[in-house]
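What follows is a single structure, and I will ask about it in a moment.
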Amino acid sequence: PALVPVPPGALVVLIGPAGSGKSTTAASLAAPEAVAGRDEMRHRIAGDPNDQGATAEAGIAQHLILRGRLRRQLAAVADSTNLDPAARAALLDLARPFTPHLLAVLHRVPVTTCLRRAATRERQVPPEVIREQALRARPLTLPGLRAEGWSAAYLAGPPGALLQPA
Ligand code: CTP
Ligand code: MG
């Protein structure tokens, strides 16, 4: 498989359950200020990354940061699960006026791996939530993502690499 760099000014949308390695991918691909996650925004706004009451504001904050960067031709990384097709469509709409580089990065990790990682982390995500997220991730494929409108769809590789399957 080919290793692919992130084009300047691209939107990169990470997709995968909790514990699938999205934030690890984000840190390996872009500067910290390029990354905006909904959990992080919930934490900043409400003091708790799991405070669902802050979800709407966190979504607005995430979109504001991503759009602000893309408008300036700076890369932007959406670090949230993005398992909901509507969440992905909103990110596509947000970025389209500013860049042709709309990259989806699917994190395909066995649910057992996600569960094991989550169990040893500081921020606890309940196992039933991870199982439900894994079920929603399962039907996602790279061709399916391209059909949604992404200019490219990759699998997350080892840290720092996007994999273009041969
Ligand atoms: N991890 C790992 N090997 C990888 C990727 C991640 O061991 N290739 C570890 C990370 O060090 C971390 C855990 O797995 O302790 C979860 O990875 P993270 O990137 O934080 O997962 P996210 O998808 O960002 O999880 P969340 O949605 O909960 O933020
Ligand atoms: Mg994360």
Side-chain angles (χ1 to χ4, degrees), residues 1-6 10-66 69 75-91 94 103-142 144-145 148 150 152-165:
L3 300 186
V4 180
V6 173
L11 171 68
V12 182
V13 170
L14 309 178
I15 304 168
S20 63
K22 300 181 298 298
S23 298
T24 304
T25 298
S28 73
L29 290 179
E33 65 270 22
V35 182
R38 281 209 294 189
D39 293 340
E40 182 210 347
M41 297 303 156
R42 278 192 283 255
H43 171 69
R44 304 265 314 253
I45 291 167
D48 174 358
N50 299 317
D51 186 335
Q52 298 306 310
T55 296
E57 289 155 300
I60 291 167
Q62 183 195 32
H63 282 195
L64 185 70
I65 290 168
L66 297 174
R69 289 187 59 85
V77 181
D79 181 11
S80 30
T81 61
N82 296 308
L83 294 169
D84 180 359
R88 296 195 297 275
L91 289 166
L94 171 159
L103 277 50
V105 183
L106 183 57
H107 290 67
R108 272 220 172 288
V109 175
V111 65
T112 48
T113 304
C114 296
L115 290 165
R116 175 167 44 76
R117 287 175 182 166
T120 59
R121 275 162 85 200
E122 182 186 342
R123 188 162 62 76
Q124 296 288 320
V125 181
E128 61 272 21
V129 170
I130 295 181
R131 285 209 186 80
E132 179 268 336
Q133 292 175 343
L135 283 178
R136 286 195 286 148
R138 246 165 77 173
L140 297 177
T141 63
L142 300 186
L145 287 168
E148 284 183 0
W150 302 94
Y154 302 112
L155 292 176
L162 300 179
L163 295 186
Q164 175 125 70

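All ligand and atom numbering here is 1-based and tracks the order in the structure. Side chains included, hydrogens not; waters and symmetry mates left out as well; all remaining heavy atoms used.
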(request) Determine whether more than 12 heavy atoms belonging to other residues, nucleotides or ligands lie under 6.0 Å from atom CZ of Arg138. (result)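 At most 12 heavy atoms, drawn from other residues, nucleotides or ligands, come within 6.0 Å of this atom.
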(request) Indicate the atoms forming the closest heavy-atom contact of Gln62 with Gly37, along with that distance. (result)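 Looking at all heavy atoms of both residues, the closest pair is NE2-CA, 4.0 Å.
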(message) Please check: side-chain N/O of Arg88 versus main-chain N/O of Asn82, any donor-acceptor pairing under 3.5 Å?
(response)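 The answer is yes, because a donor-acceptor pair under 3.5 Å joins these two groups.
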(request) Measure from the side-chain N and O atoms of Lys22 to the backbone N and O of His107, and report whether any donor-acceptor pair falls under 3.5 Å. (result)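 Between the backbone of His107 and the side chain of Lys22 there is no qualifying donor-acceptor contact (under 3.5 Å).
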(request) From atom 6 (C) of ligand 1, work out which of Thr24, Ile15, Thr81, Val129 has a heavy atom at the shortest distance. (result)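 Going through Thr24, Ile15, Thr81, Val129 one by one, Thr24 has the nearest heavy atom to atom 6 (C) of ligand 1.
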(message) Measuring from non-hydrogen atoms of Pro17 to any atom of ligand 1, is the shortest distance under 4.0 Å?
(response)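 So Pro17 counts as touching ligand 1.
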(request) Say whether, by atom type as modelled, one donor and one acceptor occur between the side chain of Arg69 and the main chain of Ala75 under 3.5 angstrom. (result)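 Checked: pair present.
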(request) Give yes or no for whether the N/O distance cutoff of 3.5 Å, strictly under, is met between Arg121 and ligand 1. (result)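 There is such a contact, yes.
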(message) Looking only at distances, can you tell me whether any N or O atom of Ser23, backbone or side chain, sits closer than 3.5 Å to an N or O atom of ligand 1?
(response)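 Yes.
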(message) Heavy-atom pairs closer than 4.0 Å: do any link ligand 1 to the side chain of His107, the backbone, both, or neither?
(response)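 No part of His107 is near ligand 1 at this cut-off.
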(request) Using modelled atom types only, decide if a donor and an acceptor are shared between the side chain of Asn50 and the backbone of Asp48 within a distance under 3.5 Å. (result)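 Between the backbone of Asp48 and the side chain of Asn50 there is no qualifying donor-acceptor contact (under 3.5 Å).
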(request) Indicate if the distance from the Mg ion (ligand 2) to the nearest N, O or S atom of Thr24 falls below 2.8 Å. (result)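 It does not; every qualifying atom lies at 2.8 Å or beyond.
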(message) Regarding atom 27 (O) of ligand 1: of the candidates Gln124, Arg117, Glu40, Lys22, which has the closest heavy atom?
(response)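 Comparing heavy atoms across Gln124, Arg117, Glu40, Lys22, the nearest one to atom 27 (O) of ligand 1 lies in Lys22.
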(request) Look at ligand 1 and say whether Gly16 reaches it with a heavy atom at a distance under 4.0 Å. (result)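 In this structure, Gly16 fails to qualify as a contact of ligand 1 - no heavy atom is under 4.0 Å.
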(message) Does ligand 1 come near enough to Gly21 that some N or O of the ligand is less than 3.5 Å from an N or O of the residue?
(response)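 Right, the criterion is met.
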(message) Less than 4.5 Å apart, side chain to side chain, heavy atoms only: is that true for Glu128 and Glu132?
(response)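 Side chain of Glu128 against side chain of Glu132, heavy atoms only: no contact under 4.5 Å found.
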